[in-house]
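Report on the following structure.
Order of listing sets the numbers, starting from 1, for every ligand and every atom in it.
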Amino acid sequence: MQAIVLEKHDPEGVKQTTVPAPAPKHGELLVRLRAAALNYRDSAMVFSEYGRAFRTPFILGSDGAGEVIETGPGVTRVGVGDRVVLHYVVDWTSGDPTDETTRRRLGGPMNGTFAQLVVVPEHSVVRLPDSLSFEHAAALPIAGVTAYRGLFGHERFAPGDTVLVHGTGGVATFAIQLAAAAGLSVIVTSSSDARLADAHKLGATHGINRKATPEWESRVLELTNGRGTDVVFELAGGDSLARSVRATRMGGTVLVIGFLAGMESTLNLPEVIRKMIVLRGISVGSRSDLEGLVNFYATTSQRPVIDRVVDFADALPTLREFGSGGQFGKIVIRINGSENKR
Ligand SMILES: NC(=O)c1ccc[n+]([C@@H]2O[C@H](COP(=O)([O-])OP(=O)(O)OC[C@H]3O[C@@H](n4cnc5c(N)ncnc54)[C@H](OP(=O)(O)O)[C@@H]3O)[C@@H](O)[C@H]2O)c1
């Protein structure tokens, strides 16, 4: 089968090549992938940006959807022919995470979804409604689940609360869409007026251009009548975190999710303490969060935001360019042909 393999953590170490097809063992499924999606994590794997390397070689790709074509002995949850989306943290099914349940992940250390076939444990998939295409489903596991867990997994937010979201990429567009659907007021920061206009169409209430307004936290305070936002999707890290704390109301929550602007931040601790801010690290979510997200799309006419779909043959060049920004939502890879049901 064709796959994108990371042979070593180096830009020269990633190849699209032919590898042996895998076979399911006890409790496992063989899935023919129909779509995958790109994440910041895939390029971070190539450059070993998380500061740790996995044992190579392995197949890249953490988001994917397809159909079950073979089951190993003992499989009872799903059957051949079922359309499924794959849960990326394969052993985290529900509840609180543990070291054990968060170890195995698709696309490092396990073989991932940039391939024609993948073997996964049966407990790690969610069945898809006919109304959700493989391409839309493939967008969900990392970015969608992260946004879902941030909004619904810990603190309770109520209609009328305000959420601040940075950027207009994968996690951000899910956060905007889900928060707007839950009745929250959404403030978005972006480097682009055109993408702010698109965010508005998606449900954002206010947009702030970060380039034109580098001290955007003052504008957030103005927009919230001086009170501050209830929750922030902090996707940038670096210097952005301190600004986000300033933009947050007393007792509000900052969801620490990404580090597009830097892996280290300096915080004014008396400010965090005085305002009793909750700093909540988010690392994707459980299969049950993915089920909640699939159910959201099964019961509304909304769909995940896809910037573009590329063919598998073009996946490697697209992966090499990923990270330069400019997309609105997710970039999806079409594998083995793919139907496009809405
Ligand atoms: N913790 C988790 O579970 C988890 C899960 C998924 C992703 N992440 C992390 O979250 C971050 C975003 O991931 P993603 O998949 O949404 O990325 P993405 O799809 O590549 O989107 C990135 C977008 O963020 C905006 N951006 C870029 N640099 C920025 C900066 N310095 N300050 C504010 N916004 C900036 C840009 O939007 P504009 O051009 O509109 O500004 C860019 O298009 C990454 O750091 C990723 O590693 C974490």
Nearest option to [atom], as decided by whichever heavy atom of [options] sits closest:
atom	options	answer
atom 32 (N) of ligand 1	S240, A261, A236, G285	A236
atom 3 (O) of ligand 1	V284, D193, I331, N39	V284
atom 13 (O) of ligand 1	V171, I257, I282	V171
atom 18 (P) of ligand 1	Q327, R243, K330	Q327

N/O donor to acceptor pairs below 3.5 angstrom from side-chain atoms of residues 108-117, sequence neighbours left out:
residue	atom	partner	partner atom	Å
N111	OD1	I59	N	2.9
T113	OG1	G61	O	3.3
T113	OG1	S62	N	3.4
T113	OG1	D63	O	2.8
Q116	OE1	Q2	N	2.8
Q116	NE2	N336	OD1	3.2

Do any side-chain atoms of residues 121-128 form donor-acceptor pairs under 3.5 angstrom with protein atoms, and if so which ones, sequence neighbours left out?
residue	atom	partner	partner atom	Å
E122	OE1	T76	N	3.0
E122	OE1	R77	N	2.7
H123	NE2	V90	O	3.4
H123	NE2	D91	OD1	2.8
S124	OG	P121	O	2.7
R127	NE	D82	OD2	3.0
R127	NH2	R77	O	2.6

**Request:** Specify whether H9 and F54 have parallel, tilted or perpendicular ring planes, treating 30° as the upper limit for parallel and 60° as the lower limit for perpendicular.
**Result:**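 Aromatic pair H9/F54 classed tilted.
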**Stacked cation flag R334 on F312, 6.0 angstrom / 45 deg** =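 No cation-pi geometry.
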Any nitrogen or oxygen of [X], side chain or backbone, less than 3.5 Å from one on ligand 1?
X	value
S192	no
T168	yes
G167	no

**Prompt:** So is A143 close enough to ligand 1, meaning a heavy atom under 4.0 angstrom away?
**Reply:**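 Flag not set, A143 not near ligand 1.
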